[in-house]
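Here, residue 1 is the first one in the sequence, and each next residue gets the next number.
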Amino acid sequence: MISSVKPTSSSFSTAFFSSGVRRSIPAKLQFSPLNIIKNCHNQSFSYNAVSSHQKPLHISSASSFKREVKVQAYEADRSRPLDINIELSNEQSAQKLKIGIYFATWWALNVVFNIYNKKVLNAFPYPWLTSTLSLACGSLMMLVSWATRIADAPKTDLDFWKTLFPVAVAHTIGHVAATVSMSKVAVSFTHIIKSGEPAFTVLVSRLFMGETFPLPVYLSLLPIIGGCALAAVTELNFNITGFMGAMISNLAFVFRNIFSKKGMKGNSVSGMNYYACLSMMSLLILTPFAIAVEGPQMWAAGWQNAVSQVGPNFVWWVMAQSVFYHLYNQVSYMSLDQISPLTFSIGNTMKRISVIVASIIIFHTPIQPINALGAAIAILGTFLYSQAKQ
C-alpha cells in the first residue's frame, strides 16, 4: 500500500496501517530533520526520505518500513562540521594570543635583566658569583611560593631528577658562559653573536638527533652566520673571551632547550615549576665551581669596592638582576611548554632585537655602520629561517 504526505505551510498528516490498526499523526506536527536524526539515534531507527520545502515527502510503502527507515538530512549534516570548525578556530586564536602574551612578557623582562646585569658586571666583574646569585634568588622565590601555597609544589620522583640533570648541566654552562661574555664585551655584541642560535639548533638536531631539513632552511643559515661574522670582525671592543662565551652559551642553550622539551613531554610538572626545579639543581652544580674559580676572598674585596663606587644602589642592582633573571626564564619556560624547540629559538632570537636596541641607547654603545649592517643581516637571516621552517 502506498501512503503519501502532503505538507501544508506548517503541518502535515498521514496514516499507517499495520496489523489492521490505524495510527494517526497529529495534524500540527512540525517537521525537523534534526529531531528525526535524534530519534533515529535513540530508537535505532533510520528513515529513507528527503526533506524539502518545495516537494512533498513520499513514503514508498508501509510494508517496506519494518522498523527501518533512512533519512538524509542534508542541512543537519552541513551544520555539524561548521560548529566544530568555529569552536576549533576560537581555541586556536586563544592559544595564539596566550603564546603572544608569553613572548611579549618574556622579551620585556629580558631587556630589564640585561640592563641591570650589565650594570652589576661593570661595577663587580665576577660573573661566576653573579650567575650563582641569580640562581639562588630564583630558587628562594619558588621555595617561598610553594611554602605559602601561592604556587602548587610539583610532584616529582627520582626519575624526574635524573632526566633533569643533563638539562641542568646545559643550563649552568650556558648561563655562566653568557654572563662571562657580557662581563667582557658590550651587551649588544653578546646578543648579536647569540642571534646565531638557530644555526646551532640545526647543527645539533642534524648531528645528534638525525633530523633533516629542507634546502631553504640550510640556505637561511648563511645570512645568520655571515651577519654574525661581519658584526664580530667590525666590533670596536672585540674580546676573544667575550666572543667564545657567547658561542658556548649558544651551544649549551640549544641542548638545554631540546632536553627540556623531551623532559617536559608526558610530565605533569608545569613549565613554571620545571624551571624552578632546574634552577635549584643548577645552583647545586654551579656553587662549588664558582667558589673554586673566584672564591670568597675575591668576592669580598670586589663587593666592598663596588659599594664604595656605586653606593647603596649597587645592592638594589644585584637584587634586580637576580629577580628579573628568574622571571624572564620562568616565562620563557612557560612558552617552551606550548611550542617546539625550534620555534622557541626563533622567538629567542627575535627577542634580541629589543635587547640590542635598548642596550645601545642606555649604555651609549659606540657602533659602526658596518657593525649595524652585520647585525641586520643576521636578524634578517633569522626571519628567513623562521619562514623556511613553517
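Around NZ of Lys184, the count of heavy atoms belonging to other residues, nucleotides or ligands within 6.0 Å does not exceed 12. When the shell of 6.0 Å around CZ of Phe238 is examined, it contains more than 12 heavy atoms from other residues, nucleotides or ligands. Within 6.0 Å of atom CG in Asn305, more than 12 heavy atoms from other residues, nucleotides or ligands are found, so the atom counts as buried in its surroundings. Heavy atoms from other residues, nucleotides or ligands lying under 6.0 Å from CH2 of Trp161 number more than 12.
Put simply, the side chain of Lys118 gets close to the backbone of Met182: a donor and an acceptor are under 3.5 Å apart.
Going from atom OG of Ser181 over to atom CG of Leu121 covers 10.0 Å, rounded to the nearest 0.5 Å. Within the model, atoms CD of Glu197 and SG of Cys228 stand 11.0 Å from one another, a figure rounded to the nearest 0.5 Å. Rounding to the nearest 0.5 angstrom, the gap separating the OG1 atom in Thr132 from the CG atom in Leu286 is 3.5 Å. Rounding to the nearest 0.5 Å gives a distance of 11.5 Å between OH of Tyr116 and CD of Gln321. Separation of atoms CD (Gln330) and CE (Met272) is listed at 5.5 Å; rounding is to 0.5 Å. Distance CD1/Ile248 to CZ/Phe243: 10.5 Å, rounded to 0.5 Å.
Connection of Leu222 to Leu203 is not established within any shared hydrophobic cluster, with ILVMFWY side chains joined at heavy-atom distances below 4.5 Å, either directly or through further cluster members. Met142 and Val144 end up in different hydrophobic clusters when Ile, Leu, Val, Met, Phe, Trp and Tyr side chains are linked at under 4.5 Å. Linking ILVMFWY residues whenever their side-chain heavy atoms come closer than 4.5 Å, directly or via other members, leaves Ile353 and Ile367 in distinct clusters.
For the pairing with Tyr328, the side-chain contact (heavy atoms from CB on, under 4.5 Å) check across Leu109, Thr105, Val323 returns one residue only, Leu109. Each of Asn117, Thr172, Thr179 was compared with Ser131 under the side-chain hydrogen bond (donor to acceptor under 3.5 Å, both in side chains) criterion, and only Thr179 meets it.
Between His326 and Tyr275, the two ring planes are tilted [angle within 30° to 60°]. Ring orientation note: the planes of His171 and Tyr325 are tilted relative to one another, at an angle of 30° to 60°. Between Phe213 and Tyr218, the ring-plane angle classifies as perpendicular under the 30° and 60° cut-offs.
At least one side-chain heavy atom of Leu373 sits less than 4.5 Å from a side-chain heavy atom of Ile370. Looking only at side-chain heavy atoms (C-beta outward), Lys162 and Leu158 come within less than 4.5 Å of each other. Annotation: side chain of Glu294 is in contact with side chain of Pro127 (closest heavy-atom distance under 4.5 Å).
A donor atom on one side chain and an acceptor atom on the other are found under 3.5 Å apart for Lys194 and Ser249.
The six-membered or imidazole ring of Phe208 lies near that of Phe255, with a centre-to-centre distance under 6.0 Å. Aromatic ring centres of Phe314 and Trp303: separated by under 6.0 Å.
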Next item on the list: Please assess Trp146 against Asp152 for the test side-chain contact (heavy atoms from CB on, under 4.5 Å), listing each intermediate value before the final yes or no.
Entry: CA-CA 6 Å; Trp146 294 337; Asp152 294 331; over 6 Å; no
Item checked: Stepwise side-chain contact (heavy atoms from CB on, under 4.5 Å) test for Glu235 and Val185 -> CA-CA 10 Å; Glu235 174 65 24; Val185 295; 5.7 Å; no
Margin query: Determine whether Met319 and Leu133 satisfy the following criterion, side-chain contact (heavy atoms from CB on, under 4.5 Å), listing intermediate values before the conclusion.
Written below: CA-CA 9 Å; Met319 293 179 61; Leu133 292 175; over 6 Å; no
Next item on the list: Please report the C-alpha distance between Arg256 and Phe253 in whole Å, then the side-chain angles of each, then the deciding distance to 0.1 Å, and finally whether the side-chain contact (heavy atoms from CB on, under 4.5 Å) criterion is met.
Entry: CA-CA 5 Å; Arg256 182 199 68 174; Phe253 281 148; 3.5 Å; yes
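Ala246 and Ile193 make their closest contact through CB-CG2, 3.6 Å (heavy atoms, listed as atom of the first residue, atom of the second, distance). Heavy-atom minimum distance, Ser354 versus Val111: OG-CG2, 3.7 Å. Between Ile224 and Ser195, the shortest heavy-atom contact is CG2-O, 3.9 Å.
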